[in-house]
Amino acid sequence: MTKKLMMLPGDGIGPEVMAEVQKLIDWINDQGDLAIETQNGLIGGASYDEFGNPFDDTTLEACRDCDAIMLGAVGGPKWDNVDYTLRPEAGLLKLRKQLDLFANLRPAIVFDALIDASTLKPEIVRGLDILIVRELTGGVYFGEPRGIEDLGNGQRRGVNTQVYTTSEIERVGRVAFDLARKRRGKVTSCEKANVMESGKLWREDMTALHAANYSDITLEHMYADNCAMQLLRDPSQFDVIVTDNLFGDILSDEAAMLTGSLGMLPSASLGTEGAPSLYEPVHGSAPDIAGQGKANPLAMILSFAMCLRYSLDQSNLASRIESATQSVLGQNLRTHDIMSDNCNEVSTADMGDAVIAALSNM
Ligand code: IPM
Ligand code: MG
């Protein structure tokens, strides 16, 4: 059976890291067990330059037609002065919202070979394996009213609205509890119930969902600011963290940095049953190193492994790719971002080739 993938490389280092996934797909197709057909689309600044908007409706419709979507990264200083609603980031938000990709899975795993890359002490981060489940299509990112209004007296007023409904809270909660069941059985739910009504509702709905369907899982509530602190103090207390869109944005960057390299971390954004899911690295477009062959393709490759596992029903192949990335790290190959003493610095393409070579030898 042929699987259809939409590739949206985007901006900055996006195209470079995506090229390594394409090489991997070509290798898989050559093996003959699985056929993956890819098509390319534009998103972000690349789409703005071509169509005058950061994500075109024809590309969106083509995405709906695919089994899954791979995305590189969006944004860069080139589009700093573009109108807010047409910025590269707006394209990504449109894709998430239109495909209803409400659950964003962001694992933060410390690879043994990279333990020294973390700014925290090795004994604090060794073996770390946290999964952040971030609500992705609601909250302050999308709430109405929003905007900047002119108050007329030389003053302006900027407004965004934090808003959640019970069904939005429950559906992301279910994803978190279901995943915890396959992991270490603990969910930490984060909000600011002490100061926000939407946070109070979040806590009450999570509590009710847990009591109704998930009493085998340990549920803990934590204020988001405390969570930010606990992530640095004692990250190993966490298994699955479930939180809203904005807190999830912040806490997932923090959790990612515990691992020492944003360049290593994949993510998946899942929607409703049957709809295509989106896979993208947690890192951004890194315009400062774009086009230099310095980018780390491993987060993109590991995002593709997540795609194989969650969308293409290929968990064996996914595990093999994950082992292959471990193996290249074990060979002391490093891209610039994770370079350390006694290792060999390699380019983006060399790293991609090394993963394929490791796979071929497995
Ligand atoms: C992320 C990014 C995005 C977000 C930006 C690029 C819109 O920071 O995926 O975490 O804020 O969600
Ligand atoms: Mg972010």
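The figures here come from the full heavy-atom set of this structure, side chains too, leaving out hydrogens, waters and symmetry mates. Remember, it's 1-based here, ligands and their atoms both numbered in the order they're listed. FYI, the numbering just counts along the sequence from 1.
Under a 4.0 Å criterion applied to the non-hydrogen atoms of Y141, ligand 1 contributes the atoms 4 (C), 11 (O), 12 (O).
By the criterion of a heavy-atom distance under 4.0 Å, the side chain of R134, and not its backbone, is placed next to ligand 1. At a heavy-atom cutoff of 4.0 Å, ligand 1 is contacted by no atom of R87, backbone or side chain.
The shortest heavy-atom contact between G263 and D337 is CA-OD2, 3.7 Å. Heavy atoms only, all atoms of each residue included: P235 and I130 are closest at O-CD1, 3.6 Å.
For the Mg ion (ligand 2), the nearest N, O or S atom contributed by D249 is named OD1.
Checked by atom type, the side-chain pair S347/D350 shows a donor-acceptor distance below 3.5 Å. Side-chain atoms of D234 and S236 form a donor-acceptor pair, as typed in the model, at a separation below 3.5 Å.
The protein non-hydrogen atom at the shortest distance from atom 10 (O) of ligand 1 is D249 OD1, 2.9 Å.
One finds the CG atom of L251 at 9.0 Å from the CG atom of D244 (value rounded to the nearest 0.5 Å).
Between F177 and Y214, the ring planes are parallel. Angles under 30° get that label, and only those over 60° would be called perpendicular.
Ligand 1 has at least one atom lying under 4.0 Å from a heavy atom of R96. Between R106 and ligand 1 there is a heavy-atom distance shorter than 4.0 Å.
When only interatomic distances are considered, the shortest N/O to N/O separation between E89 and ligand 1 does not fall below 3.5 Å.
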